[in-house]
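Everything below concerns the one structure shown next.
Sequence positions, counted from 1, serve as the residue numbers for this chain. Here the structure is a predicted model, which means the values were calculated and not measured. Heavy atoms only: backbone and side chains are in, while hydrogens, waters and symmetry mates are out.
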Amino acid sequence: MNDNALASMGSGSRSAFSGLAQRLVQDGLLEESAMHDAITRAKEKRVSLVTQLVTTSLASARDIAISASNEFGVPLLDLDAVVPDPDAFRLVSDKLLQKHRVMPLMKRGKRLFLAVADPTNLHALDEIRFQTSMVIEFVVVEDDKLQKAVDKAIEQAESVMPHLTDDDFDLENLEVTGGDDEVNGDALGRDDVEDAPIVRFVNKILLDAIKKGASDVHFEPYEKTFRIRSRLDGVLKEVALPPVQLAPKIVARLKVMSRLDIAERRVPQDGRIKMRLSKNRAIDFRVSTCPTLFGEKVVARILDPSSAMLGIDALGYEKPQRDLYLKYLAKPQGMILVTGPTGSGKTVSLYTGLNILNTEDCNISTAEDPAEINLPGVNQVNVNPKVGLTFAAALRAFLRQDPDVIMVGEIRDLETAEIALKAAQTGHLVLSTLHTNDAPQTLTRLVDMGVKPYAIATSVSLIIAQRLARKLCIHCKQPIDVPAEALRREGFEEADIARGIRVYKAVGCGQCIDGYKGRTGIYQVMPVTDAVGRIIMEGGGAMHIADQAAKDGVWNLRRAGLQKVMDGLTSLEEVNSVTLD
């Protein structure tokens with residue numbers, strides 16, 4: 001073959017490819033035919049040429065990186081030798097990082113430095129430049145190391161929830177679930193609410209509530225204002241006052257997210273939202289709408305599954321109370337009742353107990369209205385009276401399925417109470433709730449419902465009455481002097497006063513809300529002893545039961561609250577607000 005022919009072939013080979021592909025062929029890493037095939041396969045799979053070459057072992061990631069660095073005059077970097085800046089990483093959404101396989105390394109002024117394996121992917125650089133509004137500089141790294149670094153950084157970012165900022169989320173495209181269908185937040189309801197700012201605003205309000213630890217968010221329309229409030233540690237705080245003209249759009253967006261009928265504004269509706277924050281964490285919202293004079297009020301209650309996984313030690317039980325609860329949870333039969341007003345933490349106490357019992361050899365079934373927290377391994381049923389699935393009907397079905405533990409969301413009527421008590425008498429552990437002020441009143445309430453006293457005395461084994469009190473901020477609480485006489489009037493015992501009681505007051509600082517941060521439980525844990533059972537059988541009232549419980553050493557809610565004051569956990573004012581009738 002003459003020199004002209006060789007030159008012609010060389011010219012043809014150079015024109016067949018361009019950029020990195022041409023350089024790889026020239027460097028002898030691949031034959032022309034192999035490169036043609038790799039380019040075709042990469043297009044079919046919709047992956048980059050570099051990824052195709054590395055995954056099929058046609059060329060090593062190291063050799064490709066060296067050729068790319070030489071071809072484009074870009075520095076070559078060993079990713080194992082650097083620690084990416086978390087602030088730079090958070091500038092780019094996870095979606096773009098995984099889509100284009102790039103790694104933000106550091107930020108210097110208005111410049112963002114990226115690690116890339118394929119410098120020819122100009123589309124990736126343009127998208128990141130548009131999202132961050134920064135000048136993009138890039139270095140070349142090995143493709144296999146880059147993928148591992150991206151996956152590791154995303155996983156670490158998802159596991160550090162308290163440090164999240166608004167930039168961590170694409171507020172228009174959060175993944176949410178409405179009803180039973182999981183869909184993308186950007187597509188959800190765009191036919192009904194075609195307003196990206198509204199989508200972003202609602203998502204931001206809900207995310208802020210999650211990050212602050214709020215229990216619920218209230219969207220309240222009035223004649224001339226539209227107020228949004230979050231309940232933090234049991235106290236409502238105003239968080240936004242959007243223009244009243246936006247109220248219908250905000251409410252419509254919430255109803256679309258909850259899979260509610262946006263055309264129906266005359267009757268209350270109930271729905272549910274699941275907001276997926278990461279691969280490993282999702283938060284549920286229980287949504288309720290109610291028509292008012294000037295529009296629909298919407299309340300979104302935050303249901304965090306992690307609250308049921310805190311463990312019994314985190315709930316605030318005193319050691320004797322905790323031991324009693326665990327003792328009766330370990331019994332094969334009987335009924336444990338948790339009582340208190342709405343928002344007093346009954347659900348968390350019950351779910352904590354269920355979580356303790358939730359083992360491979362235990363069959364647990366629950367009937368709830370609705371199921372608030374998803375517990376894997378527990379058979380949860382949402383009651384639906386419209387189709388005949390009442391608490392009583394669910395209980396009858398459970399008893400035909402050989403249960404070990406049954407949880408009834410609430411005992412509301414005689415039929416449910418009788419079936420639950422019968423289950424407790426026949427070898428099942430039953431957990432449920434009632435709305436009463438304290439433990440002794442729970443027993444008389446069952447009698448008032450029509451339950452036979454002997455059934456109560458032989459079935460109910462433990463009653464827990466509870467309240468939630470705000471905890472003093474450990475950074476700013478201050479001790480105060482309270483005269484002994486004032487302590488006696490509050491109910492402190494002489495022995496405690498003689499030993500000396502240090503009472504703290506709420507002050508307020510930048511790390512708390514009005515001097516309080518977090519909440520703790522105040523409990524009355526009363527076992528139904530033989531003596532208490534006799535009082536029930538003899539027709540005694542709540543006062544007689546309370547007197548007997550005191551003789552048995554059971555603390556009432558007031559005494560339990562005062563113990564929290566002596567421990568320095570909360571203030572006397574807070575205990576007075578939750579335990580005084």
Side-chain angles (χ1 to χ4, degrees), residues 317-318 320-329 331-342 344-347 349-350 353 391-392 395 405-426 428-467 521-561 578-579 581:
Y317 285 91
E318 303 296 332
Q321 297 174 333
R322 170 186 173 277
D323 292 345
L324 271 174
Y325 190 17
L326 292 176
K327 173 186 173 182
Y328 283 93
L329 279 173
K331 290 184 177 294
Q333 66 184 51
M335 176 180 283
I336 298 175
L337 291 173
V338 181
T339 183
T342 301
S344 61
K346 299 188 300 296
T347 299
S349 281
L350 280 180
F391 280 117
L395 275 174
V405 179
I406 296 172
M407 196 269 272
V408 186
E410 183 183 350
I411 293 179
R412 297 175 179 173
D413 53 59
L414 176 59
E415 184 183 16
T416 303
E418 288 180 336
I419 299 173
L421 288 167
K422 189 172 293 184
Q425 290 174 325
T426 56
H428 307 92
L429 180 62
V430 180
L431 288 74
S432 191
T433 69
L434 274 176
H435 285 89
T436 56
N437 290 328
D438 61 13
Q441 290 184 36
T442 303
L443 295 172
T444 56
R445 170 72 185 280
L446 289 171
V447 174
D448 293 341
M449 290 173 64
V451 180
K452 303 297 182 184
Y454 69 84
I456 300 171
T458 57
S459 303
V460 180
S461 53
L462 186 72
I463 303 173
I464 301 173
Q466 65 181 78
R467 300 288 188 276
I522 296 175
Y523 302 93
Q524 179 184 26
V525 182
M526 187 186 83
V528 181
T529 61
D530 292 340
V532 171
R534 281 194 296 272
I535 294 173
I536 300 169
M537 298 278 285
E538 294 167 359
M543 291 183 62
H544 299 97
I545 297 172
D547 290 340
Q548 181 59 48
K551 292 177 185 177
D552 294 337
V554 175
W555 286 358
N556 59 23
L557 287 167
R558 179 68 180 171
R559 175 65 183 86
V578 299
T579 63
D581 294 333

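- Looking only at distances, a side-chain donor or acceptor of Thr433 sits under 3.5 Å from a matching main-chain atom of Gly409.
- Checking side-chain atoms of Thr426 against main-chain N and O of Ala423 turns up a donor-acceptor pair under 3.5 Å.
- The distance from atom CG of Leu431 to atom CG of Leu462, rounded to the nearest 0.5 Å, is 9.5 Å.
- Taking each heavy atom of Leu414 and Gly450 in turn, the nearest pair found is CD1-C, 3.5 Å.
- Taken from CZ in Arg534 to NE2 in His544, the straight-line distance is 14.5 Å, to the nearest 0.5 Å.
- Of the candidates Val408, Leu421, Ile463, Met335 forms a side-chain contact (heavy atoms from CB on, under 4.5 Å) with just one, namely Leu421.
- Side-chain atoms of Gln466 come within 3.5 Å of backbone atoms of Ser344 as a donor-acceptor pair (strictly under, hydrogens ignored).
- Taking every heavy atom of both residues into account, Trp555 and Ala560 meet most closely at CE3-CA, 3.9 Å.
- Side-chain atoms of Lys346 come within 3.5 Å of backbone N or O of Pro341 as a donor-acceptor pair.
- Within 6.0 Å of the CG atom in Asp530, the count of heavy atoms belonging to other residues, nucleotides or ligands does not exceed 12.
- To the nearest 0.5 angstrom, Arg412 atom CZ is 10.0 Å from Ser432 atom OG.
- Thr339 contributes a side-chain N or O that, together with a main-chain N or O of Leu434, makes up a donor-acceptor pair within less than 3.5 Å.
- Side chain of Arg559 to backbone of Val554: no donor-acceptor contact under 3.5 angstrom is found.
- If you take CE on Met407 and CD1 on Ile336, they are separated by 12.0 Å, rounding to the nearest 0.5 Å.
- The OG1 atom of Thr442 sits 8.5 Å away from the CD atom of Gln524 when rounded to the nearest 0.5 Å.
- In terms of heavy atoms, Ile411 sits closest to Met449 at CG2-CE, 3.8 Å.
- Of all heavy-atom pairs spanning His435 and Arg445, the tightest one is O-NH1, 3.2 Å.
- Shortest non-hydrogen contact noted between Ile536 and Leu443 is CD1-CD1, 3.6 Å.
- Judged by distance alone, with hydrogens and angles left aside, the side-chain atoms of Glu415 form no donor-acceptor pair with the main-chain N or O of Ala392 at under 3.5 Å.
- A pairwise comparison of heavy atoms in Gly533 and Val528 identifies N-CG1, 4.4 Å as the closest pair.
- Panel note: side chain Thr436, backbone Gln441; no donor-acceptor pair is recorded below 3.5 Å.
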* **Verdict with reasoning, Gln548 to Ile545, per side-chain contact (heavy atoms from CB on, under 4.5 Å)** => CA-CA 5 Å; Gln548 181 59 48; Ile545 297 172; 5.8 Å; no
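- To the nearest 0.5 angstrom, Lys327 atom NZ is 10.0 Å from Ser461 atom OG.
- Residues passing the ring pair (Phe, Tyr, Trp, His ring centres under 6.0 Å) test with Tyr317, sequence neighbours excluded: Tyr325, Tyr523.
- Side-chain contact check for Val430 versus Leu395: every heavy-atom pair is 4.5 Å or farther apart.
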